[in-house]
Protein chains: 2
Amino acid sequence: MADSRVSRTPDGSGSASPAPAVTRAAAVLEALASSATGRLTLSDLARELGIPKSSTSNLLLALEEARLINRQGAEFTLGRKLVELGAAYLSRLDEVQEFYRFCEQAPTLSGETVRIAMLDGTNVIYLARYEGHPAVRLTSNIGDKMPVSLCAVGKALIARLHDHDVAEMFPDDAQLPVLTPKSLRTGAELKAQLAVIREQGYAFEDEESTTGVVCLAVSVPTRGAHGPSLGLSVTALKATYSEEQGALMVKELKELARSLGNPMG
Amino acid sequence: MADSRVSRTPDGSGSASPAPAVTRAAAVLEALASSATGRLTLSDLARELGIPKSSTSNLLLALEEARLINRQGAEFTLGRKLVELGAAYLSRLDEVQEFYRFCEQAPTLSGETVRIAMLDGTNVIYLARYEGHPAVRLTSNIGDKMPVSLCAVGKALIARLHDHDVAEMFPDDAQLPVLTPKSLRTGAELKAQLAVIREQGYAFEDEESTTGVVCLAVSVPTRGAHGPSLGLSVTALKATYSEEQGALMVKELKELARSLGNPMG
DNA sequence: GGTTAGTGTTCAACTGACTGAACAGCTCCG
DNA sequence: CGGAGCTGTTCAGTCAGTTGAACACTAACC
């Protein structure tokens, strides 16, 4: 919602893009993705991104030709090709395939709702979901984002970062997004939890994103030099959750994390 | 793997793109998505797309900045942002949300493996999957593509098209892709089936893509002027499949299709 | 009806992105 | 060692994509 102009020469912070048209096209896609209804007109986009209408028209024509967006009368929406490309990305992440295989034959996890997620700035993106048990139906879908401070996976993932990186993302007095009365409020609160997480080797979320729901999560040791940071989580109903069950799930999550982190599954 | 050059002035067939850089960037993404390993170097891409290396370098820089691709040393892969964008596309398709809701409370379908798919040229793209029953675990994932001639949804979807459109996509002597001994071989065979599908109102697939597996599918009446063509399918094991069960599933599929086609769910 | 505010489209001038050859770094192999 | 073959990067000239004002259109409003 902040002003997100994409002008030719932004200011002086960074050098101009080596292919402005591409950068601008990406901005168009993001604007469509983050808009409330997912439908914007040419003028909407031109205004929001600070691009001349005539240029925007050209961008949209090219994007439409590539099926990256659809035009419905005067309104533009994201295109189906994005589903293909997103799927292609996921299918190349061997970790996702391994994740499904492991969940299916794990004694405890096979009956639970398990997810694999990735760190993206101060958010977590869910990459895949295994649903062994229809008791907990998640409303969140693959590709959805969630602030790190609100979920166990998020906390598990940033617990792996260096302190000064965390401090940069979350100053002590930072106001964190709040979803339930138990949500963490400040960067300081978050940092206090990280110490515990590092010690016990897993993260716990106690109704911090949804009342009545608890989560356990571990992080996956990054395989390869520049692979993404992956995390695993199990979701359970607080009403039926027990410590013994939790211990079992953590044990299997750690096992899965180890196998994902190991290049030779 | 046909030659897919993206030059400034393709030939004479179509006018040049109004934003070539964007068209080329899209071609880069597609090349990465359809490559065997998903990893290509700058030179690979420049060669495959017929773009000068220096230009390709600029494109890749811009794409990387937008997180649409990742660079790992000399190799480029698709970027995580694509997962986000793909998810944003799906989350805006009200049909997908409605699909999940319906499957969960349908008497028969709630225990089956149901999918919703979309027509894309001569392929079908799977948009969402409901798994009520772990008996049939599909290897295919959301976003995967499948030739229309090989699956029930595909046949159900093109049965809705006009004859001359089908004839254009599949000439009588067209060689269709083959996965099992029962796969359809020619455009003529496909067209013969369409007549049956139109009459009975649903499509049947008898081990044409996977031996031991059968599929039932119906198409969704397109809501709105320019909405995508959606189709629904149930997958079952041939060994346990019965006609009565099939009749029940078709009944519920049609119900779901009607509710999806109706703007006021 | 006329006015206003909105839409998207057109077009020629001009500025900046694209080009391609030359460069620099790397691994391999005789 | 030295050359061949590969990588990606640099840079100045030029050609084409971008620009913004003017246009055409529809819808809403006195």
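Lettering of chains follows the sequences in order, A, B, ..., and the numbering in each one begins at 1.
Distance, D44(A) CG to dG8(C) C1': 12 Å, rounded to whole Å. One atom, CD of Q72(B), and another, P of dG8(D), lie 14 Å apart when rounded to the nearest Å. Protein atom CG of L59(A) is 15 Å distant from nucleotide atom C1' of dT9(C), rounded to whole Å. Atom pair L45(A):CG and dT7(C):C1' shows a separation of 13 Å (rounding to whole Å applied). Protein atom CZ of R24(A) is 14 Å distant from nucleotide atom P of dG17(D), rounded to whole Å. For E75(B) and dC6(D), the CD to C1' distance is 14 Å, given to the nearest whole Å. Straight-line distance from the CG atom of L61(B) to the P atom of dT9(D): 7 Å, rounded to whole Å. When the P atom of dA12(C) is taken as reference, atom CG of N58(A) falls 15 Å away, rounded to whole Å.
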Pair pattern of DNA chain C in dot-bracket, where unpaired bases get dots and | marks partners in another strand, Watson-Crick or G-U under 3.5 angstrom: |||||||||||||||||||||||.||||||

Passes side chain to side chain contact (heavy atoms under 4.5 Å, CB included), Y89(A) versus R80(B)? Steps please. CA-CA 7 Å; Y89(A) 172 81; R80(B) 64 187 70 170; 3.8 Å; yes

For the pair L78(A) and N70(A), evaluate side chain to side chain contact (heavy atoms under 4.5 Å, CB included) and give the outcome as yes or no after the intermediate values. CA-CA 6 Å; L78(A) 294 176; N70(A) 291 327; over 6 Å; no

Could you go through R67(A) and D120(B), starting from their C-alpha distance and side-chain angles, then the distance that decides it, and tell me whether this counts as salt bridge (Lys or Arg N to Asp or Glu O under 4.0 Å)? CA-CA 10 Å; R67(A) 300 265 173 109; D120(B) 180 57; 3.1 Å; yes

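The side chain of T41(A) lies closest to dG8(C), out of dT18(D), dT7(D), dG8(C). Closest to the side chain of R71(A), out of dC18(C), dT7(D), dT9(C), is dT9(C). In the set dG8(D), dT7(C), dT18(D), the nucleotide with an atom closest to the side chain of S43(A) is dT7(C).
Residues meeting the side-chain hydrogen bond (donor to acceptor under 3.5 Å, both in side chains) test with N58(B), sequence neighbours left out: none. Applying the side-chain contact (heavy atoms from CB on, under 4.5 Å) test to S57(B) and every residue at least two apart in sequence or in another chain returns L42(B). Take R101(A) and apply the salt bridge (charged side-chain N to carboxylate O under 4.0 Å, His left out) test, not counting sequence neighbours, and it matches no residue.
Remark: R115(B) is positioned above the aromatic ring of Y126(B), its terminal NZ or CZ atom under 6.0 angstrom from the ring centre and at most 45 degrees off the axis.
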Quick one, give me the B/S/- string for nucleotides 20-27 of chain D, reading 5' to 3', where B means a protein heavy atom under 4.0 Å from the base and S means that only happens at the primed atoms, P, OP1 or OP2. B-------

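Regarding contacts with the backbone of dT7(D), a side-chain N or O of R47(B) is found under 4.0 angstrom from either OP1 or OP2.
The list of salt bridge (charged side-chain N to carboxylate O under 4.0 Å, His left out) pairs with a residue in residues 145-154 of chain A, not counting sequence neighbours, reads K145(A)-E84(B).
Between L190(B) and I158(B), some side-chain heavy-atom pair lies under the 4.5 Å cut-off.
For the pair T56(B) and S57(A), both in contact range of DNA chain C, the more 5′-proximal nearest nucleotide belongs to S57(A).
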